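Below, chain A is the first sequence line, B the second, and so on; all start at residue 1. From a predicted model like this one, the values you see are computed outputs, not experimental measurements.
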There are 2 protein chains.
Amino acid sequence: MDLTPRQRQILTFIQQQIAELGRPPTRSEIARAFGFRSANAAQEHLRNLERKGAIALTGGASRGIRLLAGAAAGLPLVGRVAAGQPILAEEQIEARYALDPGLFHPHAHYLLRVRGESMRDAGIRDGDLLAVHRTREAGDGRIVVARVEDEVTVKRLYRKGHEVELRPANPAFESLRIDLRSTPLEIEGIAVGLVRQALDSIAPVSLD
Amino acid sequence: MDLTPRQRQILTFIQQQIAELGRPPTRSEIARAFGFRSANAAQEHLRNLERKGAIALTGGASRGIRLLAGAAAGLPLVGRVAAGQPILAEEQIEARYALDPGLFHPHAHYLLRVRGESMRDAGIRDGDLLAVHRTREAGDGRIVVARVEDEVTVKRLYRKGHEVELRPANPAFESLRIDLRSTPLEIEGIAVGLVRQALDSIAPVSLD
DNA sequence: ATGCATACTGTAATTATATACAGTATCGAG
DNA sequence: CTCGATACTGTATATAATTACAGTATGCAT
């Protein structure tokens with residue numbers, strides 16, 4: 001899509017307005033939000049965004065701005081997280097799905113595709129989309145998205161002094177114990193919900 | 001909400017416009033769509049819809065129509081299904097959530113709140129919202145929403161001649177075997193996905 | 001029988017909005 | 001250096017849109 005930083009800001013503003021107010025902004029509203037003294041500045045941004053395929057403009061209609069595929073607002077779906085990359089880096093976003101913000105409490109910032117069965121007994125299965133609320137703090141026992149030495153993992157968090165336990169919910173897996181004095185741990189967010197796109201792929205849990 | 005048939009038509013039109021064009025309609029657009037010769041007819045409908053709590057109007061703003069909770073388009077969430085009632089009867093709808101239609105395949109028609117742990121080993125837990133695609137046919141082994149003698153249940157469907165087995169995914173529960181010659185069975189739909197709103201309420205599956 | 005909510009037509013004024021044209025300034029590529 | 005793209009200010013105008021006021025007609029409840 002190749003937008004300039006400014007154009008990306010404008011696009012984000014349009015997405016926010018649609019999400020919050022249920023209607024696209026006018027040229028004047030964009031200008032006001034960015035401090036432009038002329039609505040024409042907004043008009044030119046819109047035209048450039050249209051030329052680059054991010055939006056479609058409907059001539060003559062007020063608020064005639066439509067987001068096109070790829071620019072549609074929605075929760076980003078993060079797939080495999082590459083080492084050293086921030087979790088919401090543009091390259092990691094597989095898709096965006098429009099989900100009602102009111103579906104989860106607190107609201108989700110992104111979806112993370114879960115790999116493996118380490119949280120099986122908490123009802124989180126391989127391939128599930130975990131709804132994650134971005135925060136650096138988490139209560140004891142909460143399911144968190146944590147980054148330990150460039151690897152992102154979903155586990156239950158327990159903290160005792162300077163030791164943190166990342167506990168899976170599957171007896172086939174072992175807890176990860178981390179000494180915060182030697183190993184940095186970053187909490188990327190807390191799990192607030194789950195979306196599963198296919199039910200048939202779920203292998204039955206057996207009592208073996 | 002108690003809308004008149006006409007008001008409901010207007011509300012539906014607003015929902016359609018938002019879904020199709022990404023912006024609420026103007027008074028004139030409503031008037032044109034319904035053949036009104038005066039935009040004021042639309043204006044009065046909007047006011048009545050606002051008075052009844054279906055929408056909120058933003059004074060002065062063009063297209064300043066917001067859908068309020070309950071009027072928002074989206075997948076209906078069906079709670080407890082009363083005996084004898086069709087599953088999508090208005091009284092059963094607890095809420096509506098805007099979900100991306102592309103999230104599930106085939107697409108979901110409604111969400112059903114699951115009661116009990118009878119499908120636990122298929123990853124479906126008490127309180128989960130099951131995304132359901134409305135159909136009367138289901139392949140063997142699929143997870144279906146079925147109605148047997150006025151009770152709605154979620155199970156795996158297996159058919160052998162005139163006998164149908166509704167098999168739970170939890171060894172603590174027993175299969176329900178139905179002879180179609182004596183007992184009517186209706187398939188209300190097939191499960192196509194799952195949404196879980198809270199992860200902490202999930203009791204761990206133990207190997208007891 | 002009377003009043004009230006619903007469901008419109010018709011007119012009009014004000015404000016909101018889109019959009020064209022003429023400029024200015026900056027920056028990176030050729 | 002020069003050109004084109006970006007990022008604006010400033011002015012202006014046609015039209016899109018909201019919204020008020022004055023009516024008409026119908027059905028339903030009191």
Side-chain angles (χ1 to χ4, degrees), chain A residues 1-18 20-68 70-71 90, chain B residues 1-18 20-68 70-71 90:
Chain A
M1 194 109 46
D2 238 43
L3 301 181
T4 67
R6 198 54 160 168
Q7 286 165 359
R8 191 158 292 282
Q9 281 185 299
I10 304 277
L11 183 60
T12 301
F13 175 73
I14 296 169
Q15 292 170 343
Q16 277 176 354
Q17 290 288 298
I18 291 175
E20 279 172 37
L21 300 176
R23 59 183 176 225
T26 66
R27 275 65 167 166
S28 312
E29 285 168 357
I30 296 172
R32 206 174 316 139
F34 285 86
F36 302 158
R37 311 182 72 180
S38 167
N40 190 50
Q43 171 76 343
E44 284 183 8
H45 277 303
L46 291 179
R47 264 215 239 291
N48 289 334
L49 283 170
E50 184 179 41
R51 184 170 48 78
K52 292 185 174 179
I55 62 173
L57 295 174
T58 307
S62 67
R63 306 180 188 277
I65 305 171
R66 254 181 308 161
L67 297 174
L68 295 183
E90 203 58 42
Chain B
M1 193 106 48
D2 238 45
L3 301 181
T4 66
R6 197 55 160 169
Q7 286 165 0
R8 191 158 291 282
Q9 280 185 299
I10 303 278
L11 184 60
T12 301
F13 175 71
I14 296 169
Q15 293 171 342
Q16 278 176 354
Q17 289 289 298
I18 292 174
E20 280 172 36
L21 300 176
R23 58 178 185 259
T26 66
R27 275 66 167 166
S28 313
E29 285 167 358
I30 296 173
R32 205 175 317 137
F34 284 87
F36 303 157
R37 312 182 70 180
S38 167
N40 191 49
Q43 170 76 340
E44 284 184 6
H45 276 302
L46 292 179
R47 267 216 235 290
N48 289 333
L49 284 170
E50 184 179 41
R51 183 170 48 78
K52 292 185 174 179
I55 62 173
L57 296 175
T58 307
S62 69
R63 306 181 190 273
I65 305 171
R66 253 181 308 161
L67 296 174
L68 295 183
E90 203 58 42

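When rounded to the nearest whole Å, the span between NE2 of B:H45 and C1' of C:dC8 equals 7 Å. As a whole-Å value, the separation of A:E50 CD from C:dA18 C1' is 13 Å. Residue B:L49 contributes atom CG, which lies 16 Å from atom P of C:dA5 at whole-angstrom precision. Here the C1' atom of nucleotide C:dC8 and the CZ atom of B:R47 are 15 Å apart, to the nearest Å. For the pair B:D2 CG and C:dA5 P, the computed distance is 14 Å after rounding to whole Å. In this structure, CD1 of B:I10 is placed 13 Å from P of C:dT6, rounded to the nearest angstrom. Put simply, CD1 on B:I30 is 12 Å from C1' on D:dT18, counting in whole angstrom units. Rounded to a whole Å, the CD atom of A:Q9 is 14 Å from the C1' atom of D:dC8.
Across all their heavy atoms, A:A39 and A:A31 have their closest contact at CA-CB, 4.0 Å. Listed here is the closest heavy atom pair of A:R63 and B:A61: NH2-CB, 3.6 Å. Of all non-hydrogen atoms in B:L11 and B:L49, the two that sit nearest each other are N-CD1, 4.3 Å.
Of the side-chain N and O atoms in B:R6, none sit less than 4.0 angstrom from OP1 or OP2 of C:dT6. Contact annotation: A:Q7 side-chain N/O to D:dA7 OP1/OP2 distance is under 4.0 Å. Contact annotation: A:T4 does not reach the phosphate of D:dA5 (side-chain N/O to OP1 or OP2, under 4.0 Å). Look at A:R63 and you'll find a side-chain N or O under 4.0 angstrom from OP1 or OP2 of C:dT17. The side chain of A:R51 contributes an N or O atom lying less than 4.0 Å from OP1 or OP2 of D:dT6. Listed pair A:K52 / D:dT6 meets the phosphate criterion, a side-chain N or O lying under 4.0 Å from OP1 or OP2. Side-chain nitrogen and oxygen atoms of B:Q43 include none within less than 4.0 Å of the OP1 or OP2 phosphate oxygen of C:dC8.
When B:E44, B:R51, B:E50 are each tested for a side-chain hydrogen bond (donor to acceptor under 3.5 Å, both in side chains) with B:N48, only one passes: B:R51.
Put simply, the side chain of B:R27 reaches to within 4.5 Å of the side chain of B:I65, judged on heavy atoms. Two residues are said to be in side-chain contact when any heavy atoms from C-beta on lie closer than 4.5 Å; A:Q17 and A:P24 fail this criterion. Contact of the A:I10 side chain with the A:I14 side chain is registered, since non-hydrogen atoms from C-beta on lie closer than 4.5 Å. With a 4.5 Å cut-off on side-chain heavy atoms, A:R66 and A:T58 count as touching.
Remark on the helix from C:dA1-D:dT30 to C:dG30-D:dC1: inter-end axis angle 30°, axes from five-pair C1' superpositions, rounded to 10°.
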Can you pull every protein N or O that's under 3.5 Å from an N or O on nucleotides 9-15 of chain D?
from, atom 1, to, atom 2, distance (Å)
D:dT9, OP1, A:R37, N, 3.0
D:dT9, OP2, A:R37, N, 2.8
D:dT9, OP2, A:S38, N, 3.3
D:dT9, O4, A:N40, ND2, 3.1
D:dG10, N7, A:S38, OG, 3.0
D:dG10, O6, A:N40, ND2, 3.4

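The aromatic rings of B:H45 and B:F36 lie parallel to each other, with less than 30° between the two planes, well short of the 60° mark.
Atom CG of B:L68 is separated from atom CD1 of B:I55 by 8.0 Å, given to the nearest 0.5 angstrom.
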